[in-house]
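Before we start, here is the structure in question, set down as structure tokens.
Atom set for the values below is all heavy atoms of this structure, side chains included, hydrogens, waters and symmetry mates excluded. In this text, all values refer to a predicted model and were calculated from it rather than measured experimentally. In what follows, every chain begins at residue 1, and chains take the letters A, B, ... in the order their sequences are listed.
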Amino acid sequence: MTQIRSTGLQIAAATVVSITAAWMLPQILELFALINATVFVSMSLLALSLGLVWGFCGILCFGQTAFFGLGGYSYAIAAINFGDTTGAVPIALLVPTVIAGALGYFMFYGRISDVYMGVITLTVTLILYKFANSTAGDQWTIGKAALGGFNGIPGTPPLNLPLQPDQALDPRQVFILAVICLLSCYVVAKLILRTRFGRVAVAIRENEIRAELLGYDVRRHKLGMFVLGGVMAGLAGILFANCVFVSPTMFSLSYAGQVIIWVLVGGVGTLIGPIVGCILVQMLVTWAGTLPDIDANLLLGVVFMLAVLAVPQGLLPAATTALTHLVRRTAG
Amino acid sequence: MNIGRRQAIKTTLMAAGSMLAMPAIMRTAALGADPIKVVGIHDASGGLDIYGKPMIACLEFAVDETNAGGGLLGREVQLTNYDPQSNIQLYTQFATQAATKDKAVVVHGGITSASREAIRPVLRRFNTLYFYNTQYEGGVCDRNCFCTGSTPAQNVQKLVPYVLEKWGKKIYIVAADYNYGQITSKWVTKYTREGGGEILAADFFPLDVTNFGPAISKIQAAKPDAVISALVGGAHVSFYRQWAAAGMKKQIPLASTTLGVGNESILLSPEEGDGIVSAFSYFQELDSPLNRAFLDKFQAKFGSKTPYLGGELAMRTYVGFNLWAEGVKRAKSIDRMPVIEALESGISLETPAGKTVLDPKTHHTTVDVFLAEVSNHGFKVLKTFPQQPPVDTASVCNLIERPNENQQYVVNVKI
Amino acid sequence: MDYAVVVALQILSGIATLVIVSLGLAVVFGMMRVINLAHGEFLMLGGYCAILAHGAGINVWISVLALPPVIVGLFGLVVERLLIRRLYGRMIDTMLATWGLSLALIGGVNMAFGNTVSGFSAPLGSFTIGRFHNSVYDMFLVLAAVVLSFSVWAVLRFTPAGLIARGTMQNSEMAAALGVAPDRVYAATFAAGAALSGLAGGLIAPLSGVVPTMGTLYIAKAFITVITGGASMVTGTLTASGLLGTVSTVGTFLTTPVLGEVGLLVVAIVLLRLLPRGITGRFLRQSL
């Protein structure tokens with residue numbers, strides 16, 4: 001009972017926060033800051049996807065950006081070819097699903113785990129990066145969409161209302177849509193974790209051999225979670241492509257590393273943690289970029305090192321622990 | 001790509017955006033004593049800062065010079081430079097910021113073609129005038145955008161015949177693998193064939209390749225008379241190093257459409273660099289009274305931090321700002337459309353790079369082009385070609401007849 | 001015929017570069033199971049040492065071979081003491097901390113030296129095979145790779161220090177019971193790995209040019225090579241580099257550099273699928 005109530009409570013709280021944000025922020029933020037906020041939301045969704053896969057199933061995927069980029073690119077290519085984003089979105093969700101399924105099957109049914117799986121997923125995103133980077137020539141065109149190589153596709157079409165290709169969504173509507181997507185994925189993740197499937201996945205994270213010995217098909221569960229994470233990352237890619245534009249950096253090593261940083265900073269093993277971690281780190285990065293004399297990387301690096309030494313379990317768990325101690329001390 | 005639909009969307013957004021922007025611009029114009037906001041977007045960090053920093057220095061110098069001369073229309077020019085840290089996504093962000101938050105009257109910026117194409121639509125959408133001052137592959141046709149850098153019909157078209165005549169007809173191309181490299185390679189091919197030459201092969205390298213060993217062996221196997229390079233960026237400098245290390249410097253001569261722009265002449269030792277030929281619309285070593293005067297004042301301003309002005313990017317930023325300023329003076333206003341119309345009325349300036357004329361039909365410039373070879377960490381100018389018009393862009397773009405054009409033509413090079 | 005020889009030499013050179021670049025990471029990961037994401041930056045520091053020393057007029061061989069390993073090795077000692085030591089057994093936290101270190105190093109070097117530094121030409125000139133010119137320095141790198149691999153193997157196999165190191169890695173409590181201080185061993189191993197990375201940076205500096213971000217170009221390849229190689233440090237690195245280097249160079253010759261790189265990555269994936277514990281997880285298991 002407590003568990004159900006707690007999950008329900010968390011979902012309710014998240015819904016309230018999201019609705020407030022979706023309603024208030026477009027009113028108080030300027031256009032430019034709102035577009036930025038939408039980018040943050042899409043990145044938080046990416047962080048959430050890795051947080052789910054890693055924190056609740058023990059899959060350290062170094063290449064979550066592969067699905068992020070695949071979602072973005074599929075969306076851009078399909079939207080340019082159809083002239084209408086209505087058909088592009090399902091395709092953009094389908095491609096990462098299929099690839100995640102194939103890659104997951106390849107890895108989990110081959111009994112590959114921990115570091116080696118990290119390397120394979122990293123390699124996959126690097127392959128996609130190098131491939132996308134090399135598509136600058138004319139021959140690299142899918143239908144009407146030129147892949148553009150290093151430049152990416154600067155003319156990524158913005159989302160339009162379903163079946164009305166002339167009605168593009170304005171930045172305010174895109175922001176609201178992004179918040180809705182983030183909330184939905186959070187709710188879906190929370191609900192799945194409450195089902196039998198989700199609980200077995202957590203058991204796998206705790207001790208894979210024990211779960212297997214208890215008779216659960218570890219490979220199937222890992223594959224399922226991995227695909228779910230891939231779809232979420234793909235959705236994040238669509239939103240990102242809409243606010244910025246599609247380019248090979250979506251697959252790059254630096255982005256792949258950043259996703260991991262977000263989840264680590266926020267706390268592995270929670271769902272809110274990665275979201276919070278992502279937003280905090282992004283704000284830190286943006287702020288660091290505006291400092292005139294100090295190099296942004298230097299600042300970030302020092303912050304990360306200090307964070308690990310001082311708050312090793314991640315921000316959110318540390319914050320919750322601190323809060324719990326505070327509550328107990330005032331209560332008792 | 002269905003241009004009609006995109007046009008419709010963009011027009012709607014433009015209308016919406018201009019409704020947002022108009023009150024701001026009018027407000028600024030009404031309050032006479034307010035400074036004129038100019039925004040520069042150039043990379044001051046990351047891999048592209050070797051290009052960005054001199055451009056920023058020249059832009060600052062141009063603004064200071066203008067303000068020292070009494071400002072523009074009696075008002076001070078206020079420059080803000082954003083640093084996208086060689087990250088294209090930050091380019092889009094800063095362009096949006098310049099247009100919507102700062103409400104700048106003009107944006108000078110963009111270095112790589114990728115960054116230009118990232119911000120050009122944004123600035124057009126929000127009705128902010130845009131000057132792109134970097135040499136590039138040509139073809140941009142956008143009434144909101146003025147491109148002051150030289151294009152292949154001006155630089156490549158001078159480089160290739162020189163190479164063919166001096167060294168031979170068989171050419172091997174090495175280029176960076178993105179749109180600039182791909183398109184430049186096509187232009188080199190076109191001019192080579194027109195000059196009776198032959199392209200043995202064209203190899204493309206992603207921007208992060210540093211190992212050119214196999215490539216150098218392949219070039220040797222092909223036995224060209226000369227190698228023309230359109231390599232870009234820090235990693236590609238290792239090509240010239242490895243080429244010299246393999247002893248190829250004395251075997252096959254090199255020419256480049258990009259060498260010099262990234263201070264490669266300073267980076268490479270004389271054994272690695274001497275003799276490589278480039279063509280641009282400016283070299284710091286130009287011996288003209290205007291250039292000498294400019295360099296004196298430039299040195300005086302920056303002292304020991306004076307950047308070397310390799311290639312033309314930095315100088316064209318200086319010229320670009322002054323062209324815009326001239327347009328403002330003629331229009332007697334900083335509003336976008338009057339300034340555009342003034343710029344289209346036929347403006348020419350005498351600059352340290354020679355005479356620059358702004359072409360109304362293409363929004364590009366007619367410039368003097370210089371051919372030079374690397375010599376002891378600098379350049380030695382070999383030939384001068386006065387007043388070369390932007391023929392490549394002119395063959396596809398006519399903004400007088402079709403003012404609503406908005407695209408970059410990939411000039412169809414028949415090869 | 002000449003061309004075939006040239007291609008073969010290029011393949012050797014490609015393999016050698018991979019070996020040199022990966023050896024430092026192999027030592028640290030193989031011995032300590034620490035994923036040092038700052039490995040690329042140690043390489044970069046070594047490169048800067050070489051460039052700055054050479055710029056100050058120091059003999060090129062000392063600049064490349066002697067100074068980088070010493071300086072970066074000392075730096076590795078400091079890093080181990082301040083950062084890594086507190087995070088043993090916590091692989092994920094080590095990753096985050098070393099990632100932070102790598103960012104800080106890139107930023108710090110950028111602030112200190114800016115983004116461009118004068119390089120220097122590769123010494124030793126060129127030689128010809130038939131009508132093909134090649135850089136002698138490329139061959140020197142091959143020699144360096146052989147010497148380095150052999151030295152690491154010899155130290156581990158024949159010296160008391162190597163024995164102590166291997167023992168500590170296998171069972172640190174047992175080693176401690178026998179009078180060895182594990183802390184010292186870990187510190188020395190990390191420093192050795194850092195020194196190797198620094199040396200690698202110095203060696204490749206003349207060919208590839210030194211910028212603050214050069215580490216990022218090599219970290220992924222080094223990481224993949226080490227993991228594909230498996231648990232054994234020297235044999236694993238050698239076999240993995242041999243296979244991946246050949247694929248990459250041949251691919252580059254036959255097609256384009258991109259496909260060569262992609263080929264390397266695809267082969268790595270296939271290899272890991274077939275041999276989930278790396279090459280030396282299956283073959284040559286008892287080797288070092």
Side-chain angles (χ1 to χ4, degrees), chain B residues 43-53 85-86 174 177 202-223 233-252 262-264 266-273 308 377, chain C residues 2-3 5-7 9-14 17-18 106-107 110-111 114-138 141 204-214 216-218 248-258 260-261:
Chain B
D43 302 287
S45 59
L48 294 173
D49 70 344
I50 42 173
Y51 307 119
K53 283 193 188 155
Q85 303 168 45
S86 307
V174 288
D177 192 2
D203 277 347
F204 296 96
F205 303 91
L207 292 166
D208 58 3
V209 169
T210 53
N211 179 22
F212 290 95
I216 293 177
S217 303
K218 275 209 250 183
I219 295 175
Q220 293 183 69
K223 287 197 271 201
H236 287 181
V237 174
S238 21
F239 171 78
Y240 303 107
R241 286 225 169 84
Q242 290 166 23
W243 182 260
M248 290 306 299
K249 235 2 214 61
K250 305 177 205 69
Q251 306 298 323
I252 302 181
N263 290 352
E264 290 91 344
I266 300 183
L267 281 179
L268 297 172
S269 68
E271 301 87 55
E272 291 165 339
Y308 176 74
H377 290 301
Chain C
D2 291 340
Y3 193 56
V5 175
V6 167
V7 173
L9 287 179
Q10 284 294 327
I11 292 179
L12 274 182
S13 166
T17 318
L18 264 184
I106 294 180
N110 206 0
M111 269 178 73
N115 209 52
T116 44
V117 176
S118 261
F120 59 94
S121 333
L124 296 177
S126 62
F127 67 102
T128 52
I129 296 182
R131 63 176 182 84
F132 289 97
H133 289 75
N134 297 283
S135 158
V136 176
Y137 195 74
D138 272 350
L141 282 184
I204 63 178
L207 284 186
S208 85
V210 171
V211 280
T213 50
M214 73 185 270
T216 55
L217 298 172
Y218 292 102
S248 165
T249 315
V250 170
T252 309
F253 266 104
L254 291 179
T255 58
T256 69
V258 177
E261 290 283 301

Practice prompt. With rounding to the nearest 0.5 Å, note down the distance linking CD1 in C:I129 to CD in B:Q220.
Written response: 10.0 Å

Worksheet entry | Value rounded to 0.5 Å, distance of CG in B:N211 from CG in C:L18 | 10.0 Å

Discussion item. Between C:Y3 and B:K218, does the side-chain contact (heavy atoms from CB on, under 4.5 Å) criterion hold? Intermediate values first, please.
Written reply: CA-CA 9 Å; C:Y3 193 56; B:K218 275 209 250 183; 3.6 Å; yes

Worksheet entry | Heavy-atom contact with chain C under 4.5 Å, split by part of B:A244 | neither

Worksheet item: Between atom CD1 of B:I252 and atom NE2 of C:H133, what is the distance when rounded to the nearest 0.5 Å?
Response: 9.0 Å

Discussion item. At a 4.5 Å cut-off on heavy atoms, which part of C:T255 comes close to chain B: side chain, backbone, both, or neither?
Written reply: backbone

Practice prompt. Identify the residue among C:V6, C:L254, C:T249, C:I11 that makes a side chain to side chain contact (heavy atoms under 4.5 Å, CB included) with B:P214.
Written response: C:T249

Worksheet item: From C:S135 OG over to B:I216 CD1, what is the distance, rounded to the nearest 0.5 angstrom?
Response: 8.5 Å

Item to complete: State the CZ-OG1 distance between B:F205 and C:T252, to the nearest 0.5 angstrom.
Response: 9.0 Å

Worksheet entry | Portion of B:F204 that has a non-hydrogen atom of chain C nearer than 4.5 angstrom | backbone

Fill in: Region of B:E271 in contact with chain C, defined by heavy-atom distances below 4.5 Å
side chain

Worksheet, complete the sentence: Greatest number of non-hydrogen atom pairs under 4.5 angstrom with chain C, of B:S217, B:A246, B:G213, B:P206, falls to B:A246

